[in-house]
Amino acid sequence: MLGKWVGMLILVAMLVPMAHGVTPSECKTEKNNLVNNCRPVIFGRDPSAVCCQNVRDAHIECVCPYLGPKAASVIRGIGVPRVVKLIEGCGRSVPRNYKCGSITTPP
């Protein structure tokens, strides 16, 4: 079950910009907001306005530490093209071939 929630975090990690100076407490709040507000996406629903706002506001350094093989399998289950479409539907672009941690600041 935890893998599914981490899967939502991978959605965000594909698109959020790097920002410096985020405290551990702020990261924990961001992660919890994403998990709680974007949970329906894991079950095939479209993201809510609140989920999309959390996606736009999240910081990559808050998300990447929670990603792993389980999250990747969840993304494959949802389908990468659908994930990208959902993210872009929230008002974020997804750089082609973007990987969490592979670049420090998306173009």
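Counting begins at 1 with the first residue of the sequence.
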Test side chain to side chain contact (heavy atoms under 4.5 Å, CB included), reference Arg39, set Asn37, Val41, Ile42, Asn36, output is Asn36
Residues which pass side chain to side chain contact (heavy atoms under 4.5 Å, CB included) with Thr23, listed by chain and number, not counting sequence neighbours: Ser25, Glu26
Who pairs with Arg82 by salt bridge (Lys or Arg N to Asp or Glu O under 4.0 Å), at least two apart in sequence or on another chain? Asp46
Considering residues at least two apart in sequence or located in another chain, which fulfil the side chain to side chain donor-acceptor pair (under 3.5 Å) criterion with Asn33? none
How long is the gap from SG on Cys38 to CD on Gln53, to the nearest 0.5 Å? 11.0 Å
Are any of the side-chain heavy atoms of Val22 and Cys62 separated by less than 4.5 Å? yes
Pairing residues for Ser48 by the side chain to side chain contact (heavy atoms under 4.5 Å, CB included) criterion, not counting sequence neighbours: Val50, Cys51
So, Arg56 side chain and Cys90 main chain: donor-acceptor pair closer than 3.5 Å or not? yes
